[in-house]
Amino acid sequence: MARRSLRALADAVGILPSYVDQSGIVREASDEVRVALLAAMGLDAASEAGAKRALAELALARRDRLLPPVTVTQRAPVTLDVAARSLTRRGEPVEWQLAVTTEAGERHAASGRSRAGADGSLRLRLPVRLPLGYHEIRLGAGGGAARREADQTVIVTPARCPIPADRRDRRRVGGLLVNLYTTRSARNWGAGDFGDLGDLVAWCGDLGAAFVGVNPLHAITNRDDDISPYRPISRLYRNPLYLDVEAIPELRESTEARTRLASAGVRRELGALRAAPYVEYARVMALKQPFLESLHQAFVARHRDRDTARGRAYRDYRAREGASLDDFATFMALLDVFGTEPARRDWHTWPAELRDPRGPAVAELRRARADAVDFHRWLQFELDRQLATIAADAAARGVPIGVYQDLAIGSAPSGSDTWAFRDLFLDDASVGAPPDEYCAAGQNWGLPPIDPHRLAADRYRYWTRLVRNALQHAGALRIDHVMGLFRQFWIPAGASGAGGAYVAFPSEDLLGILALESTRAGALVVGEDLGTVPRGLPARLARRGVLSTRVLYFARTKRGAFVASDAYPERALVSANTHDMAPLAGFWEDRDLTLRRTAGILETDEALAAARAARRQERAALSRRLWAEGCLPQGREPADDTELIAAVHAFLAKTPAALVGISLDDLAREHDPVNLPGVGAEGYRSWSRRLGRTLAELRADPAVARMLAGIRARLRVRRPTRRRA
């Protein structure tokens with residue numbers, strides 16, 4: 001028999017009964033998956049009786065709630081709807097008192113005596129019209145023993161995020177897309193850093209480009225294979241790997257640090273790291289760490305508790321970030337203690353008393369290791385300062401969007417976010433992607449999902465903080481797998497990537513907060529809407545002002561032809577590829593297919609031969625499109641990598657898309673992707689491959705100028721604004 005209560009319960013909490021895959025086939029969620037995902041959410045549905053009981057308890061809790069904890073609305077509310085059924089007998093009046101505190105701190109009050117409607121609801125008029133922002137309502141209602149109180153956060157949002165047409169200069173613009181850690185220079189310490197990002201902004205200023213798009217800058221451990229920017233320990237805070245040590249102000253004040261920097265041993269290690277073909281994360285951080293600790297000591301001695309400009313800026317930063325910064329810094333101090341053992345880097349393995357960030361043991365540790373905690377606060381303060389300096393420099397150089405940042409879809413299960421916000425994250429499921437043409441077995445990303453109901457119950461505080469921090473010093477924000485704001489593919493613990501189901505998220509609320517925060521930041525938002533996308537999602541994103549993503553490799557008709565340039569949407573970021581794909585030179589030479597065979601994704605030589613045959617057809621189709629668009633001489637394939645890349649960039653520039661992204665990997669004529677999805681560290685060194693040449697060499701290369709010629713000509717690049725001396 002069909003388990004009706006189980007399915008009703010699953011429907012009630014948003015577990016979707018089915019989805020349509022990329023081939024158009026309807027995939028049904030199994031009852032086994034429903035039971036497992038409900039259990040992960042804390043609901044026992046192993047038996048039909050248990051499911052029925054859980055369903056009844058859920059309905060009762062919703063019926064008895066005076067107010068939902070949060071309301072997100074585009075229209076400033078003038079009334080408040082209260083579920084007053086439990087306050088009094090039908091027909092009797094209810095005494096009530098309202099207190100409203102606006103985001104600006106203004107207080108308004110009202111009181112009265114009213115009767116509930118036939119449906120048991122009480123409609124109360126608010127004493128103030130709420131502006132855009134976050135506001136608090138306190139309600140007291142009833143009488144005697146029946147009196148109850150409730151709180152609600154009201155978030156009033158604009159209808160959409162800013163769009164390119166809102167900008168003063170409405171022209172189509174281009175920019176560089178960069179995996180920052182891969183950049184090579186004569187001055188970085190073996191991994192791209194904010195000094196290199198500043199140089200990239202300067203290059204964009206000279207080109208007349210509008211932005212530099214970077215990978216997520218989120219905090220990771222920088223140890224072993226825990227280096228993916230899309231699997232961070234925190235999405236709220238940043239990776240100290242990107243600090244430009246020589247730009248930290250305290251270096252001028254620390255004789256010890258300057259002496260160490262000039263030592264022969266440090267210079268040798270710097271030379272070795274700069275020459276390395278891969279980013280050696282642990283070695284880079286081992287070299288930087290003593291300098292950072294020494295510079296923090298200089299900061300403490302000269303600025304932290306003093307009335308200097310830097311001391312005041314630090315206090316302001318701490319006040320802005322509040323408890324979430326303290327939690328992150330405390331977690332990192334704990335990780336310094338336990339992280340020497342790989343098996344203890346997951347906080348779930350720590351002593352029980354240290355797994356609770358609000359417990360007395362953690363409070364005592366924060367006091368006992370106050371200097372270590374403050375060190376990690378200071379690192380984040382300096383990261384924020386350096387990024388702010390880059391944003392200001394972008395504006396001065398006439399780079400209108402500046403830094404375009406990236407927000408990953410989830411956080412590592414072992415990290416700070418899951419420790420500090422443990423009530424939001426689920427332990428017995430993970431986020432992934434269903435099977436598709438790109439990965440036939442589906443993908444299990446190993447990222448713990450956030451329970452959407454707990455997120456709402458917490459009034460979207462985590463999401464608000466997440467978006468706000470991601471938009472700091474950014475002129476645009478890319479949201480990885482933006483479909484996760486609508487639905488996420490959850491996989492029960494122990495199941496394969498194919499054994500999951502989609503779970504619905506409160507997309508309108510999440511998009512409303514995104515619109516509010518991006519409006520306040522004056523930033524564009526780009527959604528990575530690739531993969532298994534439900535019908536109608538691009539239109540919903542467009543209504544909310546979220547730009548779409550279009551990738552040349554995927555922009556094909558059902559018959560395999562590459563679509564015409566004028567078929568691309570206006571509200572989009574277009575690019576040739578992504579970090580999961582081979583750069584253009586590697587695509588043309590089948591390098592990605594060879595790597596997939598070596599890693600075992602293509603299991604036989606016959607499979608490799610078939611993939612190469614399909615790639616030959618793709619190359620021919622791309623050549624035909626480039627001929628038709630006048631980007632390549634008719635009837636001739638590209639003579640070399642430079643001509644291919646120049647032709648593709650000229651094609652992208654012809655599209656009506658608002659933003660055109662040019663991959664630095666393509667300009668450097670790299671062949672290998674930075675990531676090979678579905679392959680572990682033993683099969684491929686993802687997230688580590690560095691550029692073969694320095695930024696200075698690329699800027700001076702005439703071939704790079706030829707690759708950019710079509711972009712410069714077709715995007716109506718204005719003269720860059722010269723920076724004032």
Side-chain angles (χ1 to χ4, degrees), residues 176-197 200 213-233 238-244 269-289 339 342 345 406 408 412 414-415 443 445-447 480 577-583 585-587 591-592 594-601 663-695 697-698:
L176 297 177
L177 301 179
V178 181
N179 299 294
L180 183 58
Y181 52 91
T182 71
T183 55
R184 189 184 293 273
S185 68
R187 47 144 304 282
N188 75 34
W189 289 28
D193 60 23
F194 283 167
D196 297 315
L197 183 55
L200 285 161
V214 295
N215 55 278
L217 304 174
H218 307 320
I220 60 175
T221 66
N222 299 305
R223 292 167 174 154
D224 303 325
D225 61 348
D226 189 15
I227 56 175
S228 169
Y230 292 95
R231 188 183 168 86
I233 57 174
R238 300 185 178 99
N239 188 353
L241 180 85
Y242 297 117
L243 278 173
D244 180 354
E269 180 68 351
L270 277 173
L273 289 171
R274 286 169 180 161
Y278 294 96
V279 178
E280 303 291 348
Y281 288 84
R283 282 180 64 187
V284 172
M285 287 309 300
L287 183 61
K288 286 189 174 185
Q289 188 80 6
R345 289 177 192 158
D406 197 348
S414 58
Q443 298 178 55
W445 300 326
L447 304 172
D480 191 44
N577 40 47
T578 74
H579 57 263
D580 288 333
M581 304 167 194
F587 171 86
R591 176 60 177 164
D592 54 327
T594 302
L595 292 173
R596 287 161 67 85
R597 175 69 183 105
T598 301
I601 298 175
S663 169
L664 192 63
D665 281 354
D666 286 330
L667 296 181
R669 286 167 284 182
E670 293 294 333
H671 286 68
D672 291 356
V674 293
N675 179 45
L676 200 60
V679 178
E682 70 286 349
Y684 187 73
R685 291 191 66 171
S686 291
W687 317 114
S688 299
R689 189 266 294 141
R690 300 180 71 198
L691 295 177
R693 292 186 292 165
T694 67
L695 294 178
E697 290 169 341
L698 291 174

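For the numbers below, each heavy atom of this structure counts, side chains included, while hydrogens, waters and symmetry mates do not.
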Qualifying residues under side chain to side chain contact (heavy atoms under 4.5 Å, CB included), relative to [X], sequence neighbours excluded:
X	result
Leu667	Leu176, Trp203, His649, Ile662, Leu664, Val704, Met707, Leu708
Asn222	Ile220, Asn239, Leu241, Tyr281, Met285
Thr221	Arg223, Asp226, Ile233, Leu335

**Q.** Audit row: Tyr230, Trp687, side chain to side chain contact (heavy atoms under 4.5 Å, CB included) steps and yes/no
**A.** CA-CA 10 Å; Tyr230 292 95; Trp687 317 114; 3.6 Å; yes
Please report the closest heavy-atom contact between [X] and [Y], naming both atoms and the distance.
X	Y	answer
His218	Ala408	NE2-N, 3.1 Å
Gly586	Asp592	O-OD1, 3.9 Å
Leu273	Arg690	O-NH1, 2.9 Å
Pro216	Pro229	CB-O, 3.4 Å
Leu676	Ala599	CD2-CB, 4.1 Å

What's the spacing between [X] [atom1] and [Y] [atom2] if we round to 0.5 Å?
X	Y	atom1	atom2	result
Asn179	His579	CG	NE2	7.5 Å
Leu595	His671	CG	NE2	11.0 Å
Asn577	Asp665	CG	CG	7.5 Å
Thr598	Tyr684	OG1	OH	10.5 Å
Arg669	Leu698	CZ	CG	8.5 Å
Ser185	Arg693	OG	CZ	14.5 Å

(Q) Determine whether Leu691 and Glu670 satisfy the following criterion, side chain to side chain contact (heavy atoms under 4.5 Å, CB included), listing intermediate values before the conclusion. (A) CA-CA 7 Å; Leu691 295 177; Glu670 293 294 333; 3.9 Å; yes
Could you check [options] and say which one makes a side chain to side chain contact (heavy atoms under 4.5 Å, CB included) with [X]?
X	options	answer
Asp193	Asp244, Val284, Leu243	Asp244
Val214	Asp406, Thr183, Leu197, Leu177	Leu197
Tyr242	Asp196, Leu180, Asn188	Leu180

Q: Evaluate side chain to side chain contact (heavy atoms under 4.5 Å, CB included) for Ser688 paired with Ile227, printing each intermediate quantity in order.
A: CA-CA 8 Å; Ser688 299; Ile227 56 175; 3.3 Å; yes
Q. With no hydrogens and no angle check, is any side-chain donor or acceptor of Arg689 less than 3.5 Å from a backbone partner on Asp672?
A.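 Answer holds: yes.
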Q | Under 3.5 Å: donor-acceptor pair, side chain of Arg274, backbone of Arg184 | A |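 Side chain of Arg274 to backbone of Arg184, a donor-acceptor pair under 3.5 Å: no, none is there.
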Q. Does Glu280 pair with Lys288 as a salt bridge, N-O distance under 4.0 Å?
A.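 A salt bridge is absent here (no side-chain N lies under 4.0 Å from a carboxylate O).
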Q: Before accepting this row, confirm whether a basic side-chain N of the pair Arg283/Glu269 lies closer than 4.0 Å to the acidic partner's carboxylate O.
A: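 So Arg283 pairs with Glu269 through a salt bridge.
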Q) Do Phe194 and Leu217 have side chains that get closer than 4.5 Å, going by heavy atoms? A)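 They are in side-chain contact.
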